[in-house]
Amino acid sequence: QVQLVESGGGLVQAGGSLRLSCAASGRTFSSYVMGWFRQAPGKEREFVAVIKRSGAITYYTDSVKGRSTISRDNAKNTVYPQMNSLKPEDTAVYYCAASPRTYSSGSSYYTATPYASWGQGTQVTVSS
């Protein structure tokens with residue numbers, strides 16, 4: 001398993017941007033599909049985005065599609081979700097997760113089930 005550490009969260013005004021990071025330990029980072037989830041106060045954890053091993057294939061939840069991108073640098077063992085045009089409803093703790101599983105369907109990564117490792121989370125607060 002890999003160990004994951006998120007960073008880059010903080011307080012930002014609505015309409016602003018944040019670039020989060022998730023650094024992974026270990027030498028097998030490129031063998032993992034990396035997902036991002038978030039959990040707002042009083043709500044269940046929800047899928048945000050996923051990036052496949054090479055970085056060429058990504059999927060996003062509808063609420064962030066068009067204003068977020070996710071990328072990865074396998075040489076640096078790091079994945080980078082970039083969030084733009086932030087809204088107060090984006091306020092949540094953001095988690096990265098690593099999945100060793102291979103699915104042909106991207107939607108198979110939209111739940112927590114495939115992920116073997118999770119980070120501790122980073123808080124993102126968007127003020128109106």
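Here the structure is a predicted model, which means the values were calculated and not measured.
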Any luck finding a side-chain donor-acceptor pair between Thr91 and Glu89 under 3.5 Å?
no
Should Tyr95 and Arg38 count as side-chain neighbours, where that means a heavy-atom distance under 4.5 Å?
no
Distance from Thr102 atom OG1 to Arg53 atom CZ, nearest 0.5 Å?
3.5 Å
Side-chain donor-acceptor pairs under 3.5 Å in residues 7-25, sequence neighbours left out?
residue, atom, partner, partner atom, Å
Ser17, OG, Asn84, OD1, 3.0
Ser25, OG, Gln3, N, 3.0

What verdict does the side-chain contact (heavy atoms from CB on, under 4.5 Å) test give for Gln120 and Val5, after you've listed the backbone C-alpha separation in whole Å, the side-chain angles of each residue and the deciding distance to 0.1 Å?
CA-CA 7 Å; Gln120 83 289 349; Val5 178; 4.2 Å; yes
Can you confirm whether Met83 sits close enough to Thr69 that some side-chain heavy atom of one is under 4.5 Å from a side-chain heavy atom of the other?
no
Stepwise side-chain contact (heavy atoms from CB on, under 4.5 Å) test for Ile51 and Trp36
CA-CA 9 Å; Ile51 185 167; Trp36 274 85; over 6 Å; no
Closest heavy-atom pair, Lys52 versus Tyr109, reported as atoms and distance to 0.1 Å, is CE-CE1, 3.9 Å
What pairs with Phe37 under ring-ring contact (aromatic ring centres under 6.0 Å, His included), at least two apart in sequence or on another chain?
Phe47, Tyr115, Trp118
Shortest non-hydrogen contact from Thr111 to Pro114?
O-CD, 3.1 Å
According to a 4.5 Å side-chain heavy-atom criterion applied to Ile, Leu, Val, Met, Phe, Trp and Tyr, with indirect links allowed, do Val50 and Val64 form part of one hydrophobic cluster?
no
Over 12 foreign heavy atoms within 6.0 Å of NZ, Lys65
yes
I need the Asn74 CG to Tyr32 OH distance, nearest 0.5 Å.
13.0 Å
Any chain of hydrophobic side-chain contacts (each under 4.5 Å) joining Val33 to Val2?
no
Heavy-atom distance under 4.5 Å between the side chains of Arg67 and Asp90, does that happen here?
yes
Atom pair OG/CG of Ser127 and Leu86 - distance to nearest 0.5 Å
10.0 Å
Taking it one step at a time, do Tyr60 and Ile70 satisfy side-chain contact (heavy atoms from CB on, under 4.5 Å)?
CA-CA 9 Å; Tyr60 301 88; Ile70 186 169; 3.4 Å; yes
Can you give me the closest heavy-atom contact between Ala92 and Ala40, atom names plus distance?
CB-N, 3.8 Å
Quick one: CZ on Arg72 to CE on Met34, what's the gap to the nearest 0.5 Å?
6.5 Å
Non-hydrogen atoms of Pro88 and Ser128 that approach each other most closely
CG-CB, 3.8 Å
Is the shortest side-chain heavy-atom distance between Phe29 and Thr78 below 4.5 Å?
no
Heavy-atom side-chain contact between Glu46 and Gln39 under 4.5 Å
no
